[in-house]
Amino acid sequence: MSIFILNKHETSLSVPIYTSELDIIDDERKLFIEEAYKVGGKQSFKTNLKGIMSSYRVWNQTNLYNNLLSKIKKICQKVTNLPLNHTDAWVGIYKKEHYAIPHSHYPSLATFVYYLQVDDNNPTPLRFNDSNFTFTPSTNSLIIFPGYMYHYVPKHKSNIDRIIISGNFDKKK
């Protein structure tokens, strides 16, 4: 049985951001990556992510991510201490020179990014505009932050694709 560690980071805005490593085995992660290439393209370059992207409700395109999303939901509920509902989730693929413009996920309560694949030798960070906080991900890392926080991804410089699943949660009604 693996030990789950949730790290809390205080930002300059006194807003906590949480990070962790998920214990997704390589074979399962490879299936997630293969599926990302199949479902990507639905909204490519039409959103804040200037790269390859699935629909905002990836679960309508495939059920492969459902268990992963449930696991992430449980972690987000632990962080917020609230019952939550998924509002959306999507897969993003950043090829070389792809990026995400500054944006927030307001009015979402909690936002997450799980990193399926990262060039661990040259990772592209996730930067938060107002808090001067930078997260340098690794493969299998998870970050959870308030949906109102502005953030962006600079141009991806690696030849290894940066592949994520991201989404938002709101309080269960």
Side-chain angles (χ1 to χ4, degrees), residues 1-9 11 15-40 42-43 47-49 51-94 100 104-120 123-126 128 133 135-149 151 153 160-173:
M1 182 176 179
S2 63
I3 297 171
F4 180 75
I5 299 171
L6 194 60
N7 302 300
K8 182 178 179 180
H9 307 270
T11 68
V15 176
I17 292 176
Y18 296 89
T19 61
S20 188
E21 297 292 319
L22 297 185
D23 59 352
I24 307 300
I25 60 172
D26 284 344
D27 288 344
E28 186 176 19
R29 198 173 47 75
K30 286 176 185 170
L31 288 174
F32 291 155
I33 291 168
E34 287 173 17
E35 193 73 1
Y37 286 105
K38 292 177 188 173
V39 300
K42 190 88 170 167
Q43 299 191 98
T47 69
N48 296 318
L49 193 165
I52 300 166
M53 185 177 156
S54 70
S55 75
Y56 279 114
R57 289 184 172 72
V58 71
W59 58 80
N60 289 336
Q61 292 179 268
T62 179
N63 63 6
L64 184 67
Y65 300 111
N66 291 356
N67 288 337
L68 174 62
L69 291 171
S70 292
K71 182 176 194 168
I72 293 169
K73 178 181 173 181
K74 287 178 186 172
I75 297 167
C76 286
Q77 287 179 151
K78 181 177 181 177
V79 165
T80 62
N81 203 27
L82 293 169
L84 299 173
N85 279 330
H86 285 104
T87 54
D88 45 34
W90 59 92
V91 171
I93 301 170
Y94 293 74
S104 76
H105 294 242
Y106 179 84
S108 294
L109 180 68
T111 297
F112 73 89
V113 183
Y114 170 61
Y115 296 85
L116 292 167
Q117 178 175 286
V118 172
D119 180 348
D120 289 321
T124 302
L126 174 63
F128 292 84
F133 183 78
F135 177 63
T136 304
S138 58
T139 297
N140 268 332
S141 60
L142 171 71
I143 184 168
I144 301 165
F145 54 93
Y148 62 80
M149 290 187 76
H151 56 283
V153 176
I160 297 171
D161 293 348
R162 177 185 195 264
I163 304 173
I164 58 133
I165 184 162
S166 188
N168 299 301
F169 295 100
D170 282 323
K171 187 176 176 184
K172 192 181 262 187
K173 296 178 182 183

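Values below: all heavy atoms of this structure, side chains included; hydrogens, waters and symmetry mates excluded. Everything numeric in this text was worked out from a predicted model, so none of it was measured.
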Response to the item:
One should read off an interatomic distance between Leu64 CG and Glu35 CD, to the nearest 0.5 angstrom, of 5.0 Å

Discussion item. Show the nearest heavy-atom pair for residues Pro16 and Pro146, with the distance to one decimal.
Written reply: O-CD, 3.7 Å

Worksheet item: Could you state the interatomic distance from CG (Asp119) to OH (Tyr94), rounded to the nearest 0.5 Å?
Response: 15.5 Å

Practice prompt. Taking Gln43 for its side chain and Ser54 for its backbone only, find out whether a donor-acceptor pair lies under 3.5 Å.
Written response: yes

Worksheet item: Once you round to the nearest 0.5 Å, how far does CD1 of Ile164 lie from CG of Leu116?
Response: 8.5 Å

Worksheet item: What pairs with Ser55 under side chain to side chain donor-acceptor pair (under 3.5 Å), at least two apart in sequence or on another chain?
Response: Gln61

Worksheet entry | All ring pair (Phe, Tyr, Trp, His ring centres under 6.0 Å) counterparts of Tyr18, not counting sequence neighbours | none

Worksheet item: Distance-only, no hydrogens or angles: does the Asn85 side chain make a donor-acceptor pair with backbone N or O of Asp170 under 3.5 Å?
Response: no

Response to the item:
Heavy atoms of Trp90 and Val58 approach each other most closely as CA-CB, 4.2 Å

Worksheet item: Considering residues at least two apart in sequence or located in another chain, which fulfil the side chain to side chain donor-acceptor pair (under 3.5 Å) criterion with Ser166?
Response: none

Worksheet, complete the sentence: Test side-chain contact (heavy atoms from CB on, under 4.5 Å), reference Arg29, set Leu22, Thr139, Leu68, output is Thr139

Practice prompt. Using a cut-off of 6.0 Å, state whether more than 12 heavy atoms not belonging to Lys42 lie near its atom NZ.
Written response: no

Practice prompt. Return the set of residues passing ring pair (Phe, Tyr, Trp, His ring centres under 6.0 Å) with Phe145 (not counting sequence neighbours), or none when no residue passes.
Written response: Phe128, His151

Response to the item:
Residue set satisfying ring pair (Phe, Tyr, Trp, His ring centres under 6.0 Å) with Tyr65, at least two apart, ordered chain then number -> Phe32

Item to complete: Tell me, please, which residues at least two apart from Tyr106 pass side chain to side chain donor-acceptor pair (under 3.5 Å).
Response: none

Worksheet entry | For Met149 against Ile17, the heavy-atom pair lying closest together | CE-CD1, 3.9 Å

Response to the item:
Between Leu84 and Lys73 the two heavy atoms that sit nearest each other are O-CE, 2.8 Å

Discussion item. So which atom in Gly92 and which in Leu49 form the shortest heavy-atom distance, rounded to 0.1 Å?
Written reply: CA-CD1, 3.8 Å

Discussion item. Is there a side chain to side chain contact (heavy atoms under 4.5 Å, CB included) between Met53 and Thr47? Walk through the geometry before answering.
Written reply: CA-CA 9 Å; Met53 185 177 156; Thr47 69; 3.2 Å; yes

Practice prompt. Find the distance between CD1 (Ile163) and CD (Glu34) and round it off to the nearest 0.5 Å.
Written response: 10.5 Å

Worksheet, complete the sentence: Between the CD1 atom in Ile33 and the CG atom in Asp161, the distance rounded to the nearest 0.5 Å is 9.5 Å

